[in-house]
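All values derive from a computational prediction rather than experimental measurement. Note that ligands are numbered from 1 as they come in the structure, with each ligand's atoms numbered from 1 the same way.
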Amino acid sequence: MLVNTVIYMGYGKEITMLTKKMEAELNGQINKELYSSYLYLSMSAYCNSIGFLGFANWLRIQAKEELDHAMKLFDFILERGGNASLATVEQPDAEWVNLSNVFDATLKHEQFITSSINHLMEIAVEEKDFASMSFLNWYVSEQIEEEANAEEIVRKLQFVGDDKNAMLTLDKELAARVYTPLAE
Ligand code: OFO
């Protein structure tokens, strides 16, 4: 019902423009992804400050990935003939109690992002915006992985408890994470 103007991309190729509602929601998601990046960078700085460089590495890479998620949305909005409008990114917390506190907050934040993606998908379905549905499917799958990764570290931290040697082993494990840019 809310499908907008058709943009002609060349002979035989056409794509419908984003509705204003979908454009606003996607812009809101860019802001959430940028905030995620900021949040994980802040957490990375905390881990660095307490000497856990592996945890810091994992979160720094996570921050980079969130930036990729924001850029993917940015590009999609432009491709669909929309306006990417960038709002203020909220300042993230900088004070953390310990590593468990950091990763409990990470998991909670990813669950929040999942609900935000689900909300976007609901709008796409409501608007019969098939291009957005297809695009958002990537984020739906990504969120399964994002939550699982955070949950795994939360569980490992619970298991390790106060065992300093086990904590250092976990730190070493997280130091091995490498950044992989998103495929075009
Ligand atoms: Fe960590 O999630 Fe983005 O989308």
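Counted by atom type alone, Glu66 and Gln62 present one or more donor-acceptor pairs between their side chains at under 3.5 Å. Counting only N and O atoms by type, the side chains of Glu33 and Gln29 include a donor and acceptor under 3.5 Å apart.
Using modelled atom types, one side-chain atom of Asn57 and one backbone atom of Leu174 make a donor-acceptor pair closer than 3.5 Å.
Ring geometry, Phe112 versus His109: the interplanar angle falls from 30° to 60°, so the pair is classed tilted.
Between atom 3 (Fe) of ligand 1 and the N, O or S atoms of Glu66, the shortest distance is to OE1. Of all N/O/S atoms in Glu33, OE1 sits nearest atom 3 (Fe) of ligand 1. Restricting Glu146 to its N/O/S atoms, the shortest distance to atom 1 (Fe) of ligand 1 is reached by OE2. The minimum distance between atom 3 (Fe) of ligand 1 and any N, O or S atom of His69 involves atom ND1.
Not one N or O of Glu142 is nearer than 3.5 Å to an N or O of ligand 1, by distance alone. For ligand 1, the polar-atom distance check finds no N/O of Tyr139 at less than 3.5 Å from any of the ligand's N/O atoms. Below 3.5 Å of separation, one finds no N or O of Tyr40 facing any N or O of ligand 1.
Electrostatic pairing of Asp129 and Arg80 counts as a salt bridge here, judged by a charged N lying under 4.0 Å from a carboxylate O.
Of all atoms in ligand 1, numbered sequentially from 1 with element shown, those under 4.0 Å from a heavy atom of Glu110 are 1 (Fe), 2 (O).
Contacts between Gln143 and ligand 1, counted as non-hydrogen atom pairs separated by less than 4.0 Å, involve the side chain only.
For the ligand labelled ligand 1, residue Gln62 lies inside the 4.0 Å heavy-atom shell.
Annotation: the span from Leu120 atom CG to Phe135 atom CZ amounts to 9.5 Å, rounded to 0.5 Å.
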Practice item. Check the pair Glu152 / Lys156 against salt bridge (Lys or Arg N to Asp or Glu O under 4.0 Å), numbers first and verdict last. Key: CA-CA 6 Å; Glu152 190 186 328; Lys156 282 183 177 170; 3.0 Å; yes
